[in-house]
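Beneath this line is the structure, given in structure tokens, with notes to follow.
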Amino acid sequence: MAETSDTTETGELDSRPRRSSWKYIGPGIVVAATGVGAGDLVATLIAGSKFGYTLMWAAVIGCLVKISLAEAVGRWHLATGRTLFDGWRTLGGWTTGYFAVYVVVWGFVYGATAMSSSALPIVALFPDGPGLKTWAIVTGLVGLVFVWFNQYAVFEKVMTVLIGVMFVVVVYVAIRVVPDVGASFAGLLPVLPDGSLIYTLGLIGGVGGTITMAAYGYWVNAKGWSDSSWMKVMRIDNRVAYLTTGIFVVAMLIVGAELLHASQIALTKGDRGLIDLGTVLEDRFGAGTAKLFLVGFFATSFSSLIGVWHGVSLMFADFVERIRAAGRGVRDVERAGSDTVGRQERSVPFRAYLLWLTFPPMTLLWLDEPFGLVIGYGVLGAFFMPFLALTLLWLLNSSRTPREWRNGWLSNGMLGAAGLLFVVLCVQQVRELPW
């Protein structure tokens with residue numbers, strides 16, 4: 001059952017600060033579980049395998065960057081009672097155009113990627129069973145059915161279980177490889193070895209940084225947090241979530257440093273690199289540890305799948321609702337809250353986008369991704385995080401946000417640094433596309 005805002009005796013919304021409690025933790029766990037995918041773990045492993053513990057400091061800074069970004073998203077939703085897309089629309093029609101193209105192209109390619117990533121560990125666990133394409137379709141359909149018939153409360157519980165599995169497995173593997181504690185602390189000193197710049201930027205900006213960060217505000221509303229009285233609770237929820245993400249990153253960096261760096265073992269880029277790691281773990285620690293790791297790999301991939309199926313579908317439903325309202329000349333929309341989200345979860349646009357994420361991408365499982373689609377997906381995806389950071393800076397320093405909840409110097413510094421970082425990463429990603 002979602003926690004809802006109380007009202008005073010006069011019927012006014014009660015905006016008194018809520019007491020912090022562990023029982024409220026939830027939306028942050030969902031966004032953390034969704035944002036950390038298999039590809040992120042491989043990128044972290046490769047950084048550890050190439051540079052050992054040297055880039056540990058970058059993982060810590062990355063954690064702080066994500067905390068500041070997600071806090072800004074949640075603060076906008078709670079301080080204004082408006083959704084993020086509603087805020088974007090006030091910045092001009094260009095934001096609507098970008099999001100419309102992005103959500104269609106990105107969803108089409110991501111659907112196939114998420115299904116394949118979830119299928120890979122299943123194929124490795126059951127090599128005599130169906131092939132990758134079959135398991136990919138099964139995981140996509142399971143995700144579709146689960147999100148279609150369940151609302152946020154059940155979704156959050158399942159995501160919490162999945163992130164629990166991820167956490168236990170990743171930390172267990174990091175402990176098994178026996179980390180060098182001294183080298184770990186030495187890695188907190190900012191150092192840039194030759195050839196490490198891109199890996200450093202990737203660790204700071206790439207892990208856990210996707211469109212699902214923008215979905216955080218929608219999950220905050222789904223939880224029943226709908227006004228500024230929940231601000232303190234939201235901030236604690238967010239910090240717990242991204243500290244958990246930070247532990248994932250540090251643990252995988254340890255695995256890369258201890259298991260791969262010394263042995264000079266190279267991993268395949270992308271999700272298949274985790275299959276390579278499973279083989280290395282089996283050789284070193286036996287089949288039991290390898291299979292446990294593959295279970296964690298599945299939890300990582302499938303949590304991202306159902307997280308996107310739910311969160312981005314909510315964003316799309318809100319997008320359609322705001323466009324329709326503008327078409328009717330309606331300016332004032334209802335305050336965002338759990339009732340609004342509950343209605344959107346049953347709406348036609350929400351379910352239409354669910355179907356878009358599931359069925360059209362299945363065609364890509366049999367085909368190499370068309371050249372033009374790869375370019376479009378890469379460019380649109382690369383621009384999203386700079387778009388998010390810089391528009392949040394704009395929104396939270398303007399009269400659109402109540403004065404007491406506007407950015408202070410620290411928020412502006414963190415969002416400005418994040419925006420600059422993501423612009424650099426964007427340029428690098430676009431340069432690496434197969435033009």
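The figures that follow rest on heavy atoms only: side chains count, while hydrogens, waters and symmetry mates do not. All values derive from a computational prediction rather than experimental measurement.
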Geometric class of the H310/F155 ring pair [parallel <30°, tilted 30-60°, perpendicular >60°]: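 Taking H310 first and then F155, their aromatic rings lie parallel (interplane angle under 30°).
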Just by distance, do the side chain of [X] and the backbone of [Y] share a donor-acceptor pair under 3.5 Å?
X	Y	result
W148	R351	no
S118	M115	no
T300	V36	no
S301	F298	no
R400	G87	no
N221	S226	no
T83	D86	yes
S304	T34	yes
W219	G28	no
S116	T113	no

From Y110, F384, F387, residue fulfilling ring-ring contact (aromatic ring centres under 6.0 Å, His included) relative to Y102: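 Among Y110, F384, F387, the one meeting ring-ring contact (aromatic ring centres under 6.0 Å, His included) with Y102 is F384.
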ring-ring contact (aromatic ring centres under 6.0 Å, His included) partner of F85, chosen from F316, F319, Y98: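 Going through F316, F319, Y98 one by one, the ring-ring contact (aromatic ring centres under 6.0 Å, His included) with F85 is satisfied by F319 alone.
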Closest contact, heavy atoms only, G307 versus M159: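 Answer, listing the atom of G307 first, then M159: CA-CE, 4.0 Å.
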Exercise: identify the closest heavy-atom pair between E345 and Y152: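 Heavy-atom minimum between the residues: OE2-N, 3.0 Å.
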Do you see a donor-acceptor pair shorter than 3.5 Å between the side chains of [X] and [Y]?
X	Y	result
H77	W225	no
W309	T358	yes
D180	Y53	no

Side-chain polar contacts of residues 160-172 - donor-acceptor pairs under 3.5 angstrom, sequence neighbours left out - could you list them?
{"unit_1": "T160", "atom_1": "OG1", "unit_2": "E156", "atom_2": "O", "d": "2.8"}
{"unit_1": "Y172", "atom_1": "OH", "unit_2": "R176", "atom_2": "NH1", "d": "2.8"}

